[in-house]
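Data block below; observations after.
A note on names: the letters A, B, ... follow the listed sequences, proteins ahead of strands, and every chain is numbered from 1. On a predicted model such as this, the values are computed, not experimentally measured, just so you know.
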Amino acid sequence: MLRLTNTLSGTQETFEPMDGTTVRMYTCGPTVYNYVHIGNLRTYIYEDVLRRHLLSKGWKLVHVMNITDIDDKIIKKSIELGVDLRSFTAPYTAAFFEDCATLRIQRPDIITPATEHVPEMIEIVKKLLEEGYAYQESDSIYFRISRFPTYGRLSRLDKRELKIGARIDADEYEKEEPQDFVLWKAPKSENEPRWEAPFGAGRPGWHLECSAMAMKYLGPTLDIHCGAVDNIFPHHDNEIAQSEAATHKPFVRFWLHGEHLLVEGEKMAKSKGNFFTLKDLLERGYDPLAIRYLLISIPYRKQLNFTFDSLAAAAAALDRIKEFFFRLRTARLSAGANPALAGMIAGAREQFEAGLDDDLNTAEALAAIFKLIRESNIALADGLMQEDNRAAILQWFEVVNERLAIVPPTEHLVQDDAEIESLIARRNEARRNRDFAMSDQIRRELLDRGIVIEDTREGTRWRRN
RNA sequence: GGCGCCGUACCCAAGUGGUAAGGGAGAGGUCUGCAAAACCUUUAUGCAUCGGUUCGAAUCCGAUCGGCGCCUCCA
């Protein structure tokens with residue numbers, strides 16, 4: 001039974017798809033005016049874990065993600081560079097999916113660029129204008145907050161008081177009330193991109209695109225809508241207002257919000273010099289899998305303090321998994337199954353699933369993995385493990401990898417290689433002859449080629465580093 | 001000022017009423033020609049502080065201290 005924390009209620013609720021079979025999920029995608037940073041990626045990774053977990057339940061999933069390829073920053077930068085919108089955004093969009101692939105983030109089923117869905121957005125604006133939820137002012141269209149009494153429900157706006165002097169109006173447009181937000185922006189200059197609409201040429205506001213695209217592909221009511229905490233207000237509150245005003249139906253059943261990532265205890269900011277893209281980290285030689293591991297190891301609703309120490313710890317934890325596989329695969333086992341170990345595997349599986357069912361408690365799921373590794377290592381040392389146990393463990397780790405995608409590739413560790421085998425044979429002959437100078441020299445040669453050897457009671461094992 | 005999150009060992013961190021998971025690091029041990037690696041063991045009478053409720057509290061309540069985020073670009 002999957003429990004998820006719903007921002008709408010502030011508590012955990014049991015999740016089931018509305019129709020019992022298909023989960024309709026929308027996740028806020030990137031604004032492609034720059035490369036995404038590791039904070040963005042943390043959000044996409046928790047959504048990926050959610051996605052994989054939902055699929056494991058046997059539900060069908062329709063997962064939609066938007067690409068915001070039209071907004072103020074994009075327009076400003078593309079005009080500065082003298083290129084058209086698409087030429088400007090396409091490389092960032094491509095880089096985004098490349099980063100996702102590097103971090104083993106699965107692609108959503110439907111990817112929706114805002115610029116390809118303007119007609120759907122215009123339809124919503126028309127409807128809102130007709131019903132008095134929107135009004136025109138200086139050629140732009142605004143949503144009229146006063147017509148939507150429950151406005152701000154998600155962020156509990158009714159309980160808020162604005163700090164005196166806080167910025168109330170960041171927009172340069174005219175509005176009836178400061179909190180009204182823009183649905184459709186009139187162009188401010190000649191060279192701004194625009195779309196024709198019955199209420200005047202312009203371009204969509206940011207909030208509008210998500211409502212239009214989500215409802216186009218998922219219907220008026222979504223099961224799940226994800227984002228990070230900074231989206232709660234105003235973005236998601238505005239989505240609720242404009243969507244529900246347009247359809248008179250509940251927009252989203254479960255709102256999920258991931259916490260932010262900090263770097264060395266501080267908010268990530270370019271001005272602080274602690275701003276990292278995935279590429280920055282890869283250039284420093286860090287393993288993408290270690291990055292994924294680190295971002296997964298802290299549950300999504302908790303702030304994650306990213307440090308290079310913690311990244312090194314993540315890499316070490318992955319090495320432990322890798323070592324375990326190496327040991328398990330190369331162990332000589334007798335046929336049959338030890339029932340005690342079968343119970344141990346079942347226990348790990350149960351803890352793993354219960355952890356993820358508990359609002360995606362990835363820390364708990366990882367603990368289940370390492371507990372099984374320790375117990376298996378002891379069983380191997382005591383000679384208690386048998387073939388069928390090994391098969392069951394390997395099989396379960398395939399499931400684990402489908403779900404968390406943090407299992408390092410290990411097949412290459414134990415590939416046959418006649419040349420290396422013969423070097424090892426020569427070294428062992430030298431050892432038998434107590435010619436340790438020779439034996440150490442061969443070991444050094446192998447090490448230079450990235451081959452690590454381990455002498456055990458069962459003989460010498462080797463693997464690629 | 002308002003809203004929200006958080007404070008658990010050297011570091012990260014799970015645990016929301018029944019006696020402190022897991023990872024990293026350190027230390028000890030096993031194995032070994034040696035080393036390395038690996039593996040095992042070990043590291044919190046105590047969970048920011050104080051008070052309360054309870055047979056029982058890291059968990060609930062109150063207060064205090066400290067950290068972080070948001071309050072109309074934000075993952």
Side-chain angles (χ1 to χ4, degrees), chain A residues 7 10 12 27-31 33 36-47 71-73 152 155-171 178-182 206-207 226-235 237-238 257-262 265-269 293-294 297-299 301-305 307 309-321 323-324 326-327 351 355 358 361-371 373-374 377-378 380-382 430-432 434-436 439-440 443 447 452-457 461 463 465:
Chain A
T7 309
Q12 271 193 22
T27 56
C28 279
T31 301
Y33 68 98
V36 296
H37 54 68
I38 53 172
N40 300 111
L41 289 166
R42 185 206 187 182
T43 300
Y44 302 124
I45 283 187
Y46 102 72
E47 291 162 354
D71 92 320
D72 287 345
K73 272 179 273 196
S155 61
R156 295 164 176 78
L157 197 66
D158 54 319
K159 286 165 69 183
R160 292 177 179 227
E161 286 176 30
L162 272 187
K163 184 181 180 178
I164 294 163
R167 199 167 45 150
I168 291 205
D169 187 3
D171 242 307
Q179 290 201 346
D180 289 351
F181 59 91
V182 69
W206 174 44
H207 313 300
C226 299
V229 285
D230 54 280
N231 285 144
I232 297 172
F233 189 83
H235 186 48
D237 263 322
N238 290 354
H257 293 97
E259 254 298 347
H260 277 170
L261 173 151
L262 308 175
E266 291 191 303
K267 187 178 176 173
M268 188 163 49
Y293 181 94
L294 175 58
S297 64
I298 283 108
R301 295 205 322 116
K302 185 164 180 168
Q303 283 178 348
L304 187 163
N305 186 12
T307 65
D309 282 350
S310 57
L311 191 49
L318 284 180
D319 276 343
R320 181 167 166 80
I321 297 176
E323 264 318 317
F324 170 66
F326 176 47
R327 197 170 181 212
Q351 186 188 354
D358 180 18
N361 189 338
T362 42
E364 184 73 13
L366 290 175
I369 294 171
F370 285 105
K371 192 168 173 226
I373 288 178
R374 169 153 1 63
N377 274 325
I378 294 171
L380 282 167
D382 294 346
R431 288 172 74 211
R432 268 194 300 279
R434 306 196 69 77
D435 182 358
F436 298 123
S439 130
D440 288 350
R443 179 165 58 192
L447 201 58
V452 176
I453 57 178
E454 292 176 16
D455 298 322
T456 74
R457 243 170 304 185
R461 308 182 301 177
R463 62 185 168 86
N465 207 356

I'd like the [atom1] distance from [M] over to [N], given in whole Å.
N: B/U8; M: B/G66; atom1: C1'; answer: 15 Å
N: B/C31; M: B/G67; atom1: C1'; answer: 46 Å
N: B/C65; M: B/G22; atom1: C1'; answer: 30 Å
N: B/A36; M: B/G29; atom1: P; answer: 13 Å
N: B/A25; M: B/U41; atom1: C1'; answer: 16 Å
N: B/C70; M: B/U16; atom1: P; answer: 28 Å
N: B/U43; M: B/A57; atom1: P; answer: 24 Å
N: B/A63; M: B/C10; atom1: C1'; answer: 31 Å

Looking at every strand, decide which applies to [X] at a 4.0 Å heavy-atom threshold: base, sugar-phosphate, or nothing.
X: A/His235; result: nothing
X: A/Ile298; result: sugar-phosphate
X: A/Pro299; result: sugar-phosphate
X: A/Gly39; result: base
X: A/Ala363; result: base

Now, which nucleotide makes the Watson-Crick or G-U wobble pair with [N], with each of the two distances under 3.5 Å?
N: B/G26; answer: B/U42
N: B/C3; answer: B/G69
N: B/C31; answer: none
N: B/U54; answer: none
N: B/U49; answer: B/A63
N: B/A37; answer: none

Provide, to the nearest angstrom, the distance between the [atom1] atom belonging to [X] and the [atom2] atom belonging to [N].
X: A/Leu261; N: B/C5; atom1: CG; atom2: C1'; answer: 15 Å
X: A/Asp358; N: B/A13; atom1: CG; atom2: C1'; answer: 15 Å
X: A/Met268; N: B/A75; atom1: CE; atom2: C1'; answer: 9 Å
X: A/Phe370; N: B/A21; atom1: CZ; atom2: P; answer: 17 Å
X: A/Asp237; N: B/C73; atom1: CG; atom2: P; answer: 15 Å
X: A/Glu364; N: B/A21; atom1: CD; atom2: P; answer: 11 Å
X: A/Arg156; N: B/C3; atom1: CZ; atom2: P; answer: 12 Å
X: A/Tyr46; N: B/A75; atom1: OH; atom2: C1'; answer: 9 Å

Where the side chain of [X] is concerned, which of [options] is the nearest nucleotide?
X: A/Ala317; options: B/A21, B/A75, B/G23; result: B/G23
X: A/Ala367; options: B/G15, B/A13, B/G22; result: B/G22
X: A/Lys302; options: B/U72, B/C6, B/G24; result: B/C6

Using the rule given for side chain to side chain donor-acceptor pair (under 3.5 Å), can you reason through A/Asp237 versus A/Ser155, listing the C-alpha separation, both sets of side-chain angles and the distance that settles it, and then say yes or no? CA-CA 7 Å; A/Asp237 263 322; A/Ser155 61; 2.5 Å; yes
Comparing A/Ala314 and A/Gly29 on RNA chain B - which has the more 5′ nearest nucleotide: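 The residue closer to the strand's 5' end, by nearest nucleotide, is A/Ala314.
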A/Cys28 vs A/Gly10, nearer the 5' end of RNA chain B by closest nucleotide: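 Its nucleotide being nearer the 5' end, the pick is A/Gly10.
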With A/Tyr46 via ring pair (Phe, Tyr, Trp, His ring centres under 6.0 Å) - residues at least two apart: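 A/Tyr46: ring pair (Phe, Tyr, Trp, His ring centres under 6.0 Å) contacts with A/Tyr300.
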Under the rule for side chain to side chain donor-acceptor pair (under 3.5 Å), what residues qualify as partners of [X], not counting sequence neighbours?
X: A/Arg301; answer: A/Thr5, A/Asp359
X: A/Glu364; answer: A/Gln351
X: A/Glu454; answer: A/Arg461

Restricting to side-chain contact (heavy atoms from CB on, under 4.5 Å), what partner residues turn up for A/His207, sequence neighbours left out? A/Phe181, A/Pro234, A/His235, A/Asn238, A/Gln242
Quick one, A/Thr31 and A/Lys73 - any side-chain contact, counting heavy atoms below 4.5 Å?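 No, their side chains stay 4.5 Å or more apart.
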Answer yes or no: does a side-chain N or O of A/Asn238 lie under 4.0 Å from OP1 or OP2 of B/U72? no
Does A/Arg431 have any salt bridge (Lys or Arg N to Asp or Glu O under 4.0 Å) partners at least two apart in sequence or in another chain, and if so, which? A/Asp455
Of all residues at least two apart in sequence or in a different chain, which pass the salt bridge (Lys or Arg N to Asp or Glu O under 4.0 Å) check with A/Arg42? none
Counting primed atoms, P, OP1 and OP2 as sugar-phosphate and everything else as base, the B/S/- map of nucleotides 29-42 of chain B against protein heavy atoms under 4.0 Å is ----BBB-SSSSS-
Verify the distance criterion only: is there a donor paired with an acceptor across the side chains of A/His260 and A/Asp230 at less than 3.5 Å? yes
Working note: A/Leu262 + A/Leu304, criterion side-chain contact (heavy atoms from CB on, under 4.5 Å); need CA distance, chi angles, decisive distance, verdict. CA-CA 6 Å; A/Leu262 308 175; A/Leu304 187 163; over 6 Å; no
Main-chain N/O of A/Gly355 paired to A/Asp358 side chain as donor or acceptor, under 3.5 Å: no
What N/O pairs connect the protein and nucleotides 66-69 of chain B at under 3.5 Å? Give each pair on its own line.
| from | atom 1 | to | atom 2 | distance (Å) |
| --- | --- | --- | --- | --- |
| B/C68 | O2' | A/Gln303 | OE1 | 2.9 |
| B/C68 | O2' | A/Gln303 | NE2 | 2.8 |
| B/G69 | O4' | A/Gln303 | NE2 | 3.3 |

